[in-house]
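Labels below follow one simple rule: chain letters A, B, ... track the order of the sequence lines, proteins then strands, and each chain is numbered from 1.
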Amino acid sequence: DPALIFDLGGKFDKSFNEAAYNGAQRWTEETGGSYKELEMQSEAQREQALRRLAETGANPIVMTGFAFGNTLEEVAPDYPETKFVIIDAVVEQPNVKSIMFAEQEGSFLVGVLAAMASESKTVGFIGGMDVPLIRQFGCGYAQGVKHQEADAKILANMTGTTPAAWNDPVKGGELTKAQISQGADVVYAAAGGTGIGVLQAAADADILSIGVDSNQNHLHPGKVLTSMVKRVDNAVYDAFTAGENLETGAQVLGLAEGGVGYALDDNNKDLITEEMKTRVDEVSQQIQSGEIEVHDYYSDNTCPALSF
Amino acid sequence: MDFATIIQILDSAIRLMTPLLLACLAGLYSERSGVFDIGLEGKMLMAAFSSAAVAAVTGNPWLGLLAGIGGSMALAAIHGIASITFRGNQLIAGVAINFLASGLTILMGQRFFGLGGRTPSLTGEGRFGEITLPLADTLRNVPVLGRIYADLISGHSILVYVAFALVPLTWWVLFRTRFGLRLRAVGENPASVDTAGVSVTRLRFAAIAICGILCGLAGAYLATGLSAGFVKEMTAGRGFIALAALIFAKWRPWAALFSTFLFGLLEAIANRYPDLDMGLITVPSMFMNALPYILTVIILAGFVGRAIPPRAGGEPYVKER
Amino acid sequence: MDKMPKWADVILTPLISLILAMAISALVILAIGESPWMALKTMVTGALGSSYGWGFTLYYTTNFIFTGLAVAVAYHASLFNIGGEGQAMIGGLGVALICLALPWPHWGVALPAAMIGAALFGAAWAFIPAILQAKRGSHIVITTIMFNFIAAALLNYMLVNIMRPQGSQDPATARFPAGAHLPQLSEMAAMIGIEWGKNTPVNITFFIALIACVLVWLLIWRTRLGYEIRALGRSEPAALYAGISPVRITVIAMLISGGLAGLMAINNVMGEAERLVLNAVEGAGFIGIAVALMGRNHPFGVLLAALLFGFLYQGGGELALWTTIPRELIVVIQALVILFTGALDNMVRMPLERIFLALRKKGRA
Amino acid sequence: MTDKAKRPETASSPAIELRGISKSFGPVQANKNISFKVARGTVHGIIGENGAGKSTLMSILYGFYKPDSGEILVNGQPLNVTDSLTAIRAGIGMVFQHFKLVQNFTVLENIILGVEDGKLLRPSLAKARGVLKQLAAEYQLNVDPDETIEELSVGHQQRVEILKALYRQADILILDEPTGVLTPAEADHLFRILEGLKAEGKTIILITHKLREIMEITDNVSVMRRGEMVASVKTSETSPEQLAELMVGRKVLLNVKKSPAKPAQPVLEVRDLQLADDEGVQRLRNVSFDIHAGEIFGIAGVSGNGQTQLLELLGGYPEKGSTITGSIRMNGQELDLTGTRSDAATRRARGIGHIPEDRQSEGLIMDFAAWENSAFGYHHAAQYNSGLFMNNNAIQQDAQEKMERFDIRPRDPHLAARNFSGGNQQKIVVAREIERNPDLLLVGQPTRGVDIGAIEFIHKRIIELRDAGKAILLVSVELDEILALSDRIAVMFDGRIMGERLPSETTTGELGLLMAGVTDTERHDASEGIPPEAKHVQELPDEQAGGAG
Ligand SMILES: Nc1ncnc2c1ncn2[C@@H]1O[C@H](COP(=O)(O)OP(=O)(O)OP(=O)(O)O)[C@@H](O)[C@H]1O
Ligand SMILES: Nc1ncnc2c1ncn2[C@@H]1O[C@H](COP(=O)(O)OP(=O)(O)OP(=O)(O)O)[C@@H](O)[C@H]1O
Ligand SMILES: [Mg+2]
Ligand SMILES: [Mg+2]
C-alpha cells in the first residue's frame with residue numbers, strides 16, 4: 001500500500017496538506033485501494049515515521065513539506081527497495097522522487113489577473129509565517145502584477161513570525177482592512193487558516209480576493225477572483241497510481257505540467273472577463289515557452305518586484 | 001501620514017484592542033479578588049469555539065454568544081474549583097485550562113463538523129454585524145469630527161461598544177459598590193472579609209464567574225465578530241497579551257483601557273507599515289512584527305515602574321493549616 | 001507535626017491524582033467514540049514497550065528536564081520565568097552558530113563549546129528581563145512573555161535572511177559538520193554490544209540533563225548561592241537584613257534559569273536535528289512551566305514530571321500516528337494530568353489526611 | 001447592624017459562657033474541653049504562654065474557627081456561631097492580634113466593610129463618617145477617616161479595629177494582645193477607653209502577656225496552659241507572682257537582676273548622622289552617641305521616631321533611595337555609609353550583630369527550617385561551609401546545640417520557623433545573634449509579644465553578653481524594658497536624640513515627656529502630673545516630619 005505523511009500543520013490545514021489529502025481520497029475513491037496516512041506531531045518524529053512506514057512495507061511513501069528533506073536524505077539509503085516522494089524539496093537519492101511546484105508561475109498568473117481586475121491599480125498580498133516559500137508566492141505575484149500594469153502598487157504583509165501566523169484569521173482580516181484602506185481592491189492570501197480571515201474581510205468590504213493552494217473560489221462565490229491552485233492533489237494521486245513503479249528523480253511542476261494554475265469555475269466565471277481570460281492564457285503560454293521568465297526567489301533570495 | 005491613514009490605524013487599533021480589553025477586564029476581576037489567571041487564553045479560545053459552533057448551527061450570533069459565555073464559564077468553574085475550593089495552585093490550574101481548551105476545541109470541532117477543528121464559515125446573519133451609529137452617514141462630511149464619528153466611532157460590532165462601556169462600568173462596580181469594595185478587600189486581605197462575616201469563597205467565585213463571562217465575550221467577538229468562524233488556536237496568544245496589559249495597567253480599569261489600546265495601536269501600526277523604509281536601511285518585516293513587543297518592554301522599563309499585584313493574589317485562602 | 005506520613009504525600013497523592021486524570025481521559029476517549037483501553041495500550045507500548053519507545057520518551061524527557069529546571073530555579077527566587085521558550089530558541093541559535101563556525105574534529109570538543117554557546121545565549125536572553133526586574137521593577141512575567149515573541153522574530157530573521165544556505169527554501173541552517181554529531185544512546189549501547197533504541201533521537205544530552213538535575217539540586221540546597229536564592233524568594237526584607245543583594249541574586253538566578261533553558265538546544269538542535277530549524281523548541285518552554293510546578297520545583301520532582309510528560313508526548317504521538325484518534329486528544333490528556341496532579345491535588349490530599357489522622361487517633365487510643 | 005432591643009438581657013446570666021469547647025488543628029489540640037464565663041460589664045483578662053490556645057479560643061467565640069465540640073452561650077442564650085457574621089449580630093466584636101485590615105483601603109472603607117447599608121458605597125461612607133465623628137468624640141478615638149491604613153501607625157491601626165467593633169455596636173469586645181504593639185502612652189490611652197466602655201456596661205475580654213496590665217485593669221482573670229483553662233480568679237485576690245507561676249508552671253523572676261556596668265573603650269561612635277528617605281522626609285537628624293564595651297545603651301521613644309531607620313542604617317540596610325550623611329566608627333574604624341561595602345554582610349563581618357525589630361519579616365525566613373535560620377546572615381562563615389558547599393551537618397549540629405542552650409521548643413531543628421510560637425521564633429533569632437559573640441549587638445524590640453518566661457530568658461542573655469564586655473544598643477518602646485536593662489538611656493523624638501539619662505536618675509514621667517518631644521527648657525511650662533496626651537504624642541512626629549519634607 002502507498003502511504004502519505006502530512007507535515008506539522010496537519011491534514012486539514014486549508015493548504016497543501018489538505019490538497020494532498022484530497023488527492024489521496026480521490027485515488028481511494030477511484031481505485032478502491034487503501035493507504036496509510038500519518039500526521040507529524042513533532043520534529044523528532046519525522047525519522048521515526050519514515051522508518052516505521054518503510055519497515056511496514058508501505059510503498060511508495062509520499063510526504064508533504066520541505067521540512068522532510070533533511071531527514072529523507074538520511075533515511076532513504078537505508079530502504080533501497082522503497083520509493084519515496086517528497087513534495088516541495090529536492091532530495092538526491094536514487095529511490096526518491098522530488099516534486100517541486102513552480103509557485104511563482106501560478107502566482108504570476110493570478111498577479112496578472114489581479115492587476116486587470118483592480119480598478120485602483122493597487123493590489124495586496126498577505127502571507128502567513130514569513131518563510132521563503134511564502135516569499136516565493138509573493139514574488140511571483142508581484143512580478144505578474146508589474147508585468148500587466150507596470151506602475152501598479154503592491155502592498156505586502158506577513159502575518160507573523162511564529163506558527164500562530166498560520167491560524168490567525170483575525171489578524172488576517174485586519175491586515176486586509178489595512179491594505180484596503182491604502183487602496184487595495186484585490187488581495188491575494190497565501191496564509192493557511194489566516195487566509196480565511198483575509199477572504200472574509202475582502203468579501204465583507206466588497207473587494208476581490210485570491211485564494212491559494214486549493215480552489216477556494218467557493219468560499220465567497222462572486223467575491224473570490226480566483227485561486228492559485230497548486231496541484232499537490234494531482235501529484236499525490238499520480239504517485240499513488242504509479243505505485244511501486246514510480247519513476248524517481250526531480251521534477252518541477254509548473255504551468256506547462258499543469259502543476260500550478262488559476263482556478264476558473266462557476267463561482268468566479270462572472271469575475272473573469274473574456275479579455276482577462278485571453279490575456280492570462282497568453283501570458284501562460286509565454287511563460288511556458290520561456291518568453292517570459294519568472295524570477296525564482298530561491299535562486300538568489302531576492303525579488304525584483306517586491307521587497308520583503 | 002494623512003488624516004485618513006490615522007483614522008484607519010485608530011479604527012484598526014479599536015478592533016484589535018477589543019478582545020484584549022475584554023480579556024484584560026476579565027483578568028482584572030479575577031485577580032482583584034486574589035485569583036491569578038493565566039488561563040485567559042484558554043477561556044477565550046473555548047468561547048470562540050463554542051460561540052462559532054452554535055452560531056454556525058443556529059445561524060444566530062446571540063445564541064452563539066450565550067454558548068461562548070457558557071464554554072468560557074465551564075473552564076472558569078474548573079479554575080474556581082481547583083483554586084478556591086481545593087486551594088490548588090492558581091497558576092497550574094490556568095496552565096491546565098489553556099491546554100484543555102486547545103485540545104478540546106479541536107477535538108469537538110472535528111467530532112461535530114469534521115473540518116479538522118474549524119467550524120463552518122458563518123454567513124450573513126450568523127455574525128455580529130457592524131453597527132452604523134445614527135447620523136453617521138450625514139455627519140461624515142463634517143470635517144475632522146464628522147470623519148471621526150462616522151469612520152472611527154461608528155461602524156463596529158455591538159461587542160466593541162459593550163467592551164468600551166465595560167470600562168466605566170467596571171470602575172464603578174469596583175469603586176462605588178458594596179460588591180466592588182468586598183472584591184477588592186478579598187484580593188488584598190481575605191481574612192478581613194472573613195472576619196467581617198462575608199464569605200471569601202462566594203466572593204471569589206463571583207469574581208471568577210464574571211471573568212468567565214468577559215472571556216466569553218472576548219472569544220465570541222474573535223470568532224463571530226471579527227472573523228466568521230472558528231479556526232484552531234485562533235486566539236494566537238492574545239490571552240497572554242491581555243495578561244501583560246493587565247499588569248501594565250496595574251490592575252486598574254481605566255489604565256486597562258489605555259494599555260490595551262496601546263497594544264492594539266502598536267499592532268495596527270505594524271500592520272500598516274510592514275517594512276519601514278528609513279532611508280538608509282529598511283527595517284525588516286520581522287522586526288516590525290516584533291515591534292509591539294519591543295516597545296512594550298521599553299515602555300515598561302522606562303515609564304511604568306513597579307506594578308504591585310493584589311497582596312493576596314496567587315495564594316489560596318487557608319485559615320487552618 | 002505533619003498530618004500524614006511523607007511517603008503518602010509524595011507517592012500516594014500524585015498516584016491517585018494520576019489515576020483520576022486517566023479515568024477522565026478515558027471518558028473523553030469514549031466520548032469521541034474510541035476505546036480507552038486500546039488507547040492506553042498504544043500509549044504504554046508506544047512509549048515504554050520497547051527500547052525504541054524509550055528512546056523517544058527519554059528524548060522528550062531531556063527537553064523537559066532542561067526547561068523544567070529553568071522554571072524551577074527562577075521560581076526559587078520567586079521569579080516566574082515564562083520565557084523558557086524564547087531562551088531555548090536563542091540557545092539554539094547559540095548552538096548553531098558555534099557548530100557551524102568551525103569544522104569540529106570531534107564531538108568531545110564540540111559539545112563543551114556548544115554547551116557554552118547554548119547557555120550563554122539562553123542566559124543573555126534572560127538577562128534583559130532580569131535586569132529590568134531588578135533595577136526597574138518591570139514585571140518579569142510580562143517581559144519574558146514579550147521576549148518569547150521577540151525571540152521568535154529574531155530567529156525568523158536569522159534563519160530566513162542570514163543563516164539559510166543559498167538556494168534552500170527551508171528556513172533552517174545548514175547541517176552541522178559531522179564532527180559535531182553527538183553520540184546517540186543507541187550508538188553508545190552498540191559500542192558495548194547491546195542493541196538498544198536504534199534510530200531514536202535520545203543522545204548523550206540525556207546524561208547531561210541528569211547531571212544538571214544533580215547540579216541544580218546541589219546549587220539550591222547545598223550552596224550559599226542557592227541559600228541566598230531561596231532566602232530572597234521567600235522574603236526580600238529578610239534578604240536585605242542578611243546582606244543578600246536582591247539585584248545580584250535576581251540577575252544571577254535568571255541567568256542560571258535562562259542558561260538551563262538554552263541548554264535544551266543541545267538536545268534538540270545538536271543532538272537530534274543537527275541543524276537549527278524554526279520550530280525547534282515546539283512549546284517545550286511552556287511545558288517546562290507545568291513540569292516545574294508539578295515537580296514542586298525540586299530537581300528530582302522535575303525529573304519525574306519530565307518523564308511523565310515525555311511519556312505522554314511519545315505515547316500520545318504514537319496514538320495519533322497509528323490510530324484514528326486525533327492528536328489533540330494528547331493535549332487534553334496532558335491538560336487533565338496537569339489539572340489533577342498539579343491543581344486539584346488537594347482534592348485527593350484532604351480526604352487522605354483525614355483518613356491518616358483517624359488512623360493515628362485510633363492507633364493512639 | 002444589629003438592633004440592640006432584640007438582644008435578651010437577662011440580668012443574671014453572664015455575657016459569655018463557653019461549655020466544653022475543644023478544637024484541634026490536625027494533630028495539635030489547641031483547646032481542650034474549655035468552659036468558662038465572663039460576667040457582663042466586666043473586664044476579663046486571659047493570660048497564658050505563647051501557644052497556650054488563647055487566640056484560638058477567642059477566634060472560636062468570634063466564629064472565625066469552628067470548634068470541634070462545645071457550646072457557646074451569649075447572654076444566656078445558646079448561639080450557634082457558624083461564622084463571624086453570627087457573632088457580630090450577637091454583639092461580639094474582636095480586635096485580632098494580627099489586625100484584619102485592608103492595607104490600601106481608607107479607614108472609612110475598612111470600617112464599613114461587611115456592614116455596608118445597601119449596594120452602593122456612597123451613603124454607607126457618609127453615614128460611617130458621621131458615626132465615626134461621634135465615636136471619636138465619645139472615646140477620644142481620633143483617626144483621619146480618609147487616611148489609608150498603610151499610612152497609619154500601628155497604634156492608629158488598632159484604633160481602627162476598635163472603631164470597627166464599636167461601629168458594629170459590639171457589646172462584648174475581645175482584644176487579643178492589644179498592647180503588644182503600643183507605646184506606654186498609647187496603652188494608657190487604650191485602657192482609659194476600655195474603662196469608658198466598661199462604664200457603659202460593655203463587656204471586655206483582654207488577652208495579654210503583661211501581668212501589670214492584668215492587675216491594673218481587669219476584674220477577673222483566667223489562665224490558660226497547653227490548651228486548657230487552668231484557673232479563673234478575681235484579680236483582686238491574686239498577685240502577679242501567682243499568675244506567672246500558674247501560667248508557666250514554675251516560679252519566674254519578674255525582674256532580672258543585674259550588676260552595675262563596667263564600661264570600657266568606645267566600640268561604636270556615631271556622629272551627626274542624617275538620613276532622608278526616598279521621599280525626602282528627614283528621618284534622622286544629627287544623631288550622635290557613643291557606646292562602650294560592656295554597656296547597654298537604651299534608646300526609648302515612641303515608634304516611628306527614627307529608631308527603625310537608625311537600626312537599619314547601622315545594620316547595613318537603610319531603605320532604598322535614602323540620602324545619608326555623617327559618620328560611624330566601629331572599633332575606631334570608619335564604616336562606609338553607602339556603596340557595596342555598606343551592606344549587612346559587611347557590617348556583620350565588622351562584628352555587628354542585629355536582632356531586628358520585626359522577626360517575622362526580617363529576622364527569619366518563615367518557610368526555612370530552624371536550622372537554616374540559625375545560620376541566616378552568617379551563611380558565609382567558615383564554620384558553616386566546607387569548600388564550595390555549605391556544611392549542613394555542621395549547621396544542624398550547631399542549631400541543635402543552640403536550641404538546647406536557649407531552651408527553644410519544640411527542640412526540632414527541622415521544623416519550619418513558622419511552626420514555632422512567637423516567643424520561640426524570637427529565641428531562634430536571639431540565639432543566632434548572641435552566639436556569634438558580636439562586638440556590638442543591635443537589639444530592636446526584643447520581647448514584643450513574647451511571654452513572661454521567654455522575656456526573662458532573653459533579658460538574662462542580653463545582660464550576659466554585656467558582662468562579657470560587649471556593646472549593646474537596645475531599642476524598645478517598652479519603658480519598663482529600657483529601664484530594666486539599660487546602663488544609659490537616650491530618648492529619640494522626630495529623628496533627634498532629645499537627651500540622655502541614667503536609669504537611676506530618671507523616672508518614667510521624665511522619659512515620657514522627652515518621648516513627647518518636650519525638652520528640658522520647655523519642661524517648666526508643662527504642667528506637673530499631667531502626662532502628655534497620647535494622641536498628641538503620636539501625631540507630633542508625623543506633622544513635623546511632613547513639614548520637614
Ligand atoms: N491556624 C492554625 N492552624 C493550625 N494550628 C494552629 C493554628 N492556630 C493555632 N494553632 C495551634 O493552636 C495552638 C494554640 O495557638 P494560639 O494561637 O491559640 O495560642 P495563643 O495562646 O494565642 O498564643 P500566643 O500567646 O502566642 O498568641 C498552637 O500551639 C498551635 O499549634
Ligand atoms: N497558620 C498556622 N499554622 C500552623 N501553626 C500555626 C499557625 N498559626 C499559629 N500557629 C501556631 O501557633 C502557635 C502560636 O502562634 P501564634 O501565631 O499565636 O504566635 P505569635 O502570635 O506569633 O506569638 P506571640 O504571641 O509570641 O506573638 C505556634 O506554635 C504556631 O506553631
Ligand atoms: Mg501570639
Ligand atoms: Mg495568640
Let me have the donor-acceptor pairs involving side chains of residues 256-265 of chain B, under 3.5 Å, with sequence neighbours excluded, atom names and distances please.
from     : atom 1 : to       : atom 2 : distance (Å)
B/Ser259 : OG     : B/Ala245 : O      : 3.0
B/Ser259 : OG     : B/Ala255 : O      : 3.4
B/Ser259 : OG     : B/Ala256 : O      : 3.3
B/Thr260 : OG1    : B/Ala256 : O      : 2.8
B/Thr260 : OG1    : B/Leu257 : O      : 3.2

Query - Proximity of residues 176-183 of chain B to chain D, residues having a non-hydrogen atom under 4.5 angstrom - result: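 Checking residues 176-183 of chain B against chain D gives B/Arg176, B/Thr177, B/Arg178, B/Leu181, B/Arg182.
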Query raised in the report: Can you name the closest pair of heavy atoms from D/Arg168 and D/Ile112 and give their distance?
Result: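 Between these two residues, the closest heavy atoms are NH2-C, 4.3 Å.
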**Report entry** By side-chain hydrogen bond (donor to acceptor under 3.5 Å, both in side chains) - contacts of D/Thr148 (at least two apart)
**Finding:**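 For D/Thr148, no residue satisfies side-chain hydrogen bond (donor to acceptor under 3.5 Å, both in side chains) once neighbours in sequence are set aside.
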Side-chain H-bond candidate by donor/acceptor type, [X] with [Y], under 3.5 Å:
X	Y	answer
B/Tyr221	B/Ser51	no
D/Gln103	B/Glu188	no
D/Ser24	D/Asp68	yes

Report task. Would you list the pairs meeting side-chain hydrogen bond (donor to acceptor under 3.5 Å, both in side chains) in which at least one residue belongs to residues 204-213 of chain B, sequence neighbours left out? Result ->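 Listed once each, the pairs would be none.
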Query raised in the report: What option among B/Ser192, B/Ala191, B/Pro190 has the most heavy-atom pairs under 4.5 Å with chain D?
Result: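 Maximum pair count with chain D is reached by B/Ser192.
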Query raised in the report: Which region of D/Leu113, side chain (C-beta onward) or backbone (N, CA, C, O), has a non-hydrogen atom less than 4.5 Å from a non-hydrogen atom of chain B, or is it both or neither?
Result: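 Contact with chain B involves both backbone and side-chain atoms of D/Leu113.
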Requested in this report: Check each atom of B/Arg184 against the heavy atoms of chain D and say whether the ones under 4.5 Å are side chain, backbone, both or neither.
Outcome: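 Backbone plus side chain of B/Arg184, per the 4.5 Å heavy-atom cut-off to chain D.
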Requested in this report: Pick whichever of D/Phe96, D/Phe105, D/Phe99 has the most heavy-atom pairs under 4.5 Å with chain B.
Outcome: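 Answer, by heavy-atom pair count under 4.5 Å with chain B: D/Phe105.
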Query raised in the report: For the candidates D/Ser124, D/Ala87, D/Gly118, which exhibits the highest count of non-hydrogen atom pairs separated by less than 4.5 Å from chain B?
Result: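 When all of D/Ser124, D/Ala87, D/Gly118 are compared, D/Gly118 has the most.
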Query raised in the report: Between the side chain of B/Asn189 and the main-chain N/O of D/Leu101, is any donor-acceptor distance below 3.5 Å?
Result: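 Between the backbone of D/Leu101 and the side chain of B/Asn189 there is a qualifying donor-acceptor contact (under 3.5 Å).
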